[in-house]
Structures are given as C-alpha cells and as structure tokens.
Amino acid sequence: MEDTFPDLGSLSDEELKELIDNLTEEENEISYKRRVLHGKIDILRAELVNRLRQKRESGDSLISGDDVAQLTEILAGRTKAEQPPEDKPAA
C-alpha cells in the first residue's frame with residue numbers, strides 16, 4: 001500500500017473492498033509478529049528472573065557496586081556526556 005491514503009471518492013466499491021482486505025491482512029500479519037515478539041520477551045524475562053533467583057539462592061549479590069554508582073549518577077541527573085573525562089596518559 002502507498003504511504004498516502006487514497007482519495008476514497010475516486011475508488012469503486014470493489015477497490016474499497018480490496019483495500020479493506022489488504023489492510024486487514026496487513027493488520028493480521030503485524031498482530032502475529034507482535035504476539036511472537038511478546039512471547040520472546042516473556043521467555044527472556046523468565047530466564048532473567050530464573051538467573052536472578054539462582055544468584056540469590058546461592059548467596060551472590062544481585063546488585064553490584066557499578067550498579068549502585070550508575071544509579072547514583074542517574075539520580076543526581078548526571079549523564080555520561082556531563083561526567084568529566086578520565087585522566088589518560090598522553091601518547
């Protein structure tokens with residue numbers, strides 16, 4: 001289908017029905033893809049939860065020092081672009 005919407009007054013009844021059918025088919029394809037993506041996301045989230053649960057059960061820390069530092073920066077309103085550059089040796 002074209003990017004612009006057609007002039008409906010210039011379409012015959014048959015062309016309108018065909019356009020409806022085409023758009024309905026496109027909607028069904030997109031809906032199917034969306035459901036597949038949601039399924040994949042659900043599987044990935046379940047895997048992440050399972051890994052976190054295993055870490056907790058084995059006594060590992062779920063939050064690292066880097067996580068805390070990053071959260072502190074976010075809450076302070078600082079982004080990576082605003083942080084001063086690290087001292088690097090001259091080449």
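In this chain, residues are counted from 1 in sequence order.
Atom-to-atom distance recorded for L19:CG and T24:OG1 is 9.0 Å, nearest 0.5 angstrom. Rounding to the nearest 0.5 Å gives a distance of 7.0 Å between CD of E15 and OG of S10. Rounding to the nearest 0.5 Å places CD1 of I43 at 14.0 Å from CG of L48. A distance of 11.0 Å separates CD in E25 from CD1 in I30, rounded to the nearest 0.5 Å. Remark: Q70 CD to D67 CG distance equals 7.0 Å, nearest 0.5 Å. Atoms CD and CZ, from E57 and R53 in turn, are 7.0 Å apart once rounded to the nearest 0.5 Å.
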Exercise for the section: For side chain to side chain contact (heavy atoms under 4.5 Å, CB included), just list the numbers for L52 and R56, CA-CA rounded to whole Å, side-chain angles, deciding distance to a tenth of an Å, and then say yes or no. Expected result: CA-CA 6 Å; L52 291 172; R56 186 189 69 210; over 6 Å; no
Exercise for the section: Let me see the working for E26 and L23 under side chain to side chain contact (heavy atoms under 4.5 Å, CB included), right down to the final yes or no. Expected result: CA-CA 5 Å; E26 184 178 353; L23 291 176; 3.9 Å; yes
Exercise for the section: Determine, stepwise, if the pair R35 / S31 fulfils side chain to side chain contact (heavy atoms under 4.5 Å, CB included). Expected result: CA-CA 6 Å; R35 289 191 308 270; S31 179; 2.8 Å; yes
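The hydrophobic cluster analysis finds I20 isolated: no Ile, Leu, Val, Met, Phe, Trp or Tyr side chain comes under 4.5 Å of it, directly or through other members.
Note: the hydrophobic cluster containing L16 also contains F5 (ILVMFWY, side chain heavy atoms under 4.5 Å, direct or indirect links).
T72 pairs in a side-chain contact (heavy atoms from CB on, under 4.5 Å) with only one of the listed residues (V68, L75, I74), which is V68.
Salt bridge annotation for E29-K33: absent, with no cationic side-chain nitrogen under 4.0 angstrom from a carboxylate oxygen.
Residue D13 qualifies as open at atom CG: its count of foreign heavy atoms under 6.0 Å is 12 or below.
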